[in-house]
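Shown next, in structure tokens, is the structure this report addresses.
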Amino acid sequence: MDILLACVKYFVDLGPAVMLPIVIFIVALILGQSFGKALKCGLSIGIGFIGIGLVIGLMLSNLAPAAKAMSANFGLSMNVIDIGWPGAAPMTWASSIALVAIPIAILVNIIMLTLRMTRVVNIDIWNIWHFAFTGAIINIATGSYALGVLGVALHAAYAYKIGDWFAPVTEEYFGLEGIAMPHGDSGWFAPISVPVNWLLDRIPIIRDIDINLEHFQKFGALGDPSIMGGVLGVIIGILAGYDLRGILTLGVQMAAVIILMPQVVKHIMAGLMPVSETAKSVLKKRFKNSTFYIGLDCALLLGDPSVVAASLLFIPITIFIAAIVPGNQILPFGDLPTIGFFIALAVGVHKGNLFRTLITGIIVMFMAIWISNQMIGLHTILGENAGQISAGVSQVASLDQGGSPITYILSQIMHNTDMGGLLIIGISYIFCIICTWVWHRNQIAKTTKSSHEIPSSE
Amino acid sequence: MKKIIVACGGAVATSTVAATAIRELCNKNNIPIEILQIRMNEIENNLSGVDLIVTTMRIKKDFGKPYVNGMPFLSGINVEETEEKILSYLR
């Protein structure tokens, strides 16, 4: 027994960049991949971890001191770097919860489908990391693995319901028939857009404001992530009081971080492909007919011109909000190129109206930034456990998924440290969910009514 | 050598699925390709010498290059038609 435990300990102590390739190699072999392919998958996931470690190192060792200097110059406190989802996802995949998160999320899906609690067949395996993040944070906060697993299951169940509720929006506004978005991040803010819409519909004059601009696309070059990263680096360098050489260096470094991040993280996805493909085919074989929605990644929505325009607008707006959130310590960075994930579904609820999207988005970003501040401690431990940041040196945060109310509410319920925060976020968010549920019922009533009318008119 | 842009929201998840499928497809058909896997908002500045653009989301913008929607690689519906379409632009 002791020998077995010693073996397990040795294996775990190898670190995620070595342990996960071995796990994925074995899993891929079991799932019927050839030896060479399985080996490649395993190595690929290791490459992703080594790569993201390098990029996060580049970011923290250069951007963090600049952010500190900038904060000192202006009396701000934005010295914790937002590593974004490209940084948060690998940390989560390296956690001990992630290994079981995929089968648990699939199991919850199958149970809910069998009990007819959802119509979403989720084949988007990558985004299970969002549920795993919630589980991993709970695991760290409470020290209980079982509660962490429960967190994964609850978040997954909630995401599938979000998929159901907003499937009509996905179909009608985005034109994606038979597709739902049970997405751990894009999903959480969508309920906020529902009461905002309801309220704005009842204010004279304001309810008639409709901005459906596509003009923002002209600024396409500035929306290019490398340019955005470079410009941000230069601005932060100037505000930090660096000399010209320092300013330009930071600009190029931050452009490099923004471009290299997905280039290294994609290898993790490539390593997960055999697992993802098998899960997909199992789910599709069991649940195939038109009464189901296929659950896919919210990335599918980011091509819509209004989403593109809103994403561009929200780059400066998010930084501005970060400056005014009370007690904020986080410098938004890693999530900025894909800020569209935060507002994509809201654009659909608001039918492309940028004015309304702006209002929902401001509430969403305010909430996300405040929550991710509360998560800095736990998030940093997650990063240390993953071996991607060295203990005690720097702190990290992410808006996606560190800023999600569902992660915050679940972790605070299971390990309460801030009753006031839990009550305010909990009550306002549950209010939004209730609004969404009522709105969804009305929508369903409307569509069944209109589908009754069509045959009679023919 | 044909150059293909494969893009999605974050250049991590869905574009990796599509890029892997396209790479295998072209290997099978002996078409040498180079894949540029990027975010959607990087397409505009990477168009030179590109023979085909594949995105996993619907884009309403015309980049003036042959375009195929790669969503079937994710959903598994109409994969063969999409593969045919991609090959028709590359042959």
Side-chain angles (χ1 to χ4, degrees), chain A residues 48 84-86 89 123-127 129 174-176 178-179 186 214 217 220-228 258-259 261-273 276-277 280-281 284 288 294 296-308 311-312 337-338 340-341 344, chain B residues 4-25 27-28 34-48 50 53-65 67-83:
Chain A
W85 65 263
I123 57 171
D124 179 17
I125 304 303
W126 166 261
N127 281 306
W129 84 264
F174 293 103
L176 299 167
I179 288 172
S186 286
E214 293 184 18
Q217 299 224 33
L222 281 179
D224 186 292
S226 57
I227 297 176
M228 194 203 83
I258 290 281
I259 291 305
M261 262 195 165
Q263 299 302 330
V264 295
V265 178
K266 71 178 183 194
H267 296 286
I268 298 178
M269 176 64 193
L272 287 172
M273 285 277 286
S276 148
E277 291 298 311
K280 213 155 104 175
S281 64
K284 289 196 67 181
K288 55 165 181 196
I294 299 173
L296 289 175
D297 194 324
C298 259
L300 269 60
L301 308 180
L302 298 195
D304 179 79
S306 293
V307 177
V308 172
S311 310
L312 274 174
T338 48
F341 277 108
Chain B
I4 308 171
I5 286 182
V6 182
C8 70
V12 170
T14 57
S15 53
T16 303
V17 178
T20 311
I22 293 169
R23 208 169 275 134
E24 274 175 19
L25 176 73
N27 272 347
K28 229 186 284 168
E34 182 198 339
I35 288 183
L36 190 59
Q37 190 184 336
I38 51 178
R39 300 184 188 96
M40 186 207 62
N41 43 14
E42 291 174 81
I43 297 176
E44 191 154 358
N45 294 342
N46 285 291
L47 286 172
S48 68
V50 165
I53 300 173
V54 179
T55 64
T56 54
M57 79 279 277
R58 288 167 20 135
I59 48 171
K60 291 175 186 165
K61 194 169 176 176
D62 184 7
F63 289 101
K65 299 274 181 186
Y67 169 74
V68 174
N69 185 331
M71 213 173 67
F73 292 124
L74 310 178
S75 64
I77 298 163
N78 294 333
V79 177
E80 275 167 27
E81 283 169 38
T82 310
E83 289 182 338

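Letters go in sequence order (proteins before strands), and every chain restarts at 1. Predicted model only: the values in this text are computed from it and were never measured.
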For M71(B) and I179(A), what are the C-alpha separation, side-chain angles and deciding distance, and is it a side chain to side chain contact (heavy atoms under 4.5 Å, CB included)? CA-CA 11 Å; M71(B) 213 173 67; I179(A) 288 172; 3.5 Å; yes
If we define contacts as heavy-atom pairs under 4.5 Å, which of G76(B), C8(B), A7(B), A13(B) has the most with chain A?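 Sorted descending by pairs with chain A, the first entry is A13(B).
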Does the side chain of [Y] come within less than 4.5 Å of [X]'s, by heavy atoms?
X	Y	value
L74(B)	I123(A)	no
W85(A)	V12(B)	yes
E42(B)	P225(A)	yes
M269(A)	T20(B)	no

Report the C-alpha distance between I77(B) and K284(A) in whole Å, list the side-chain angles of each, state the deciding distance to 0.1 Å, and finish with yes or no for side chain to side chain contact (heavy atoms under 4.5 Å, CB included). CA-CA 11 Å; I77(B) 298 163; K284(A) 289 196 67 181; 4.2 Å; yes
Below 4.5 Å from any heavy atom of chain A, which atoms of R39(B) appear? Answer side chain, backbone, both or neither.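 Contact with chain A is through the side chain of R39(B) alone.
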Under a 4.5 Å cutoff for heavy-atom pairs, which residue among P86(A), G175(A), G178(A), A344(A) has the most contacts with chain B? G175(A)
Using non-hydrogen atoms and a 4.5 Å limit, figure out which bit of L272(A) sits close to chain B: side chain, backbone, both or neither.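 Neither part.
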Atom group of I268(A) that falls short of 4.5 Å from chain B, counting heavy atoms: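 Interface part for I268(A): neither.
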For residues [X] and [Y], report the shortest heavy-atom separation together with the two atoms involved.
X	Y	answer
K266(A)	Q37(B)	CD-OE1, 3.2 Å
L296(A)	S75(B)	CD1-CB, 4.2 Å
A299(A)	G9(B)	CB-N, 3.9 Å

Value rounded to 0.5 Å, distance of [atom1] in [X] from [atom2] in [Y]:
X	Y	atom1	atom2	answer
W126(A)	T16(B)	CH2	OG1	8.0 Å
D297(A)	T56(B)	CG	OG1	7.5 Å
S226(A)	I38(B)	OG	CD1	10.0 Å
D224(A)	N45(B)	CG	CG	4.5 Å

Quickly, which of D304(A), L176(A), L302(A), V307(A) forms a side-chain contact (heavy atoms from CB on, under 4.5 Å) with M57(B)? Name it, please.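 Among D304(A), L176(A), L302(A), V307(A), the one meeting side-chain contact (heavy atoms from CB on, under 4.5 Å) with M57(B) is L302(A).
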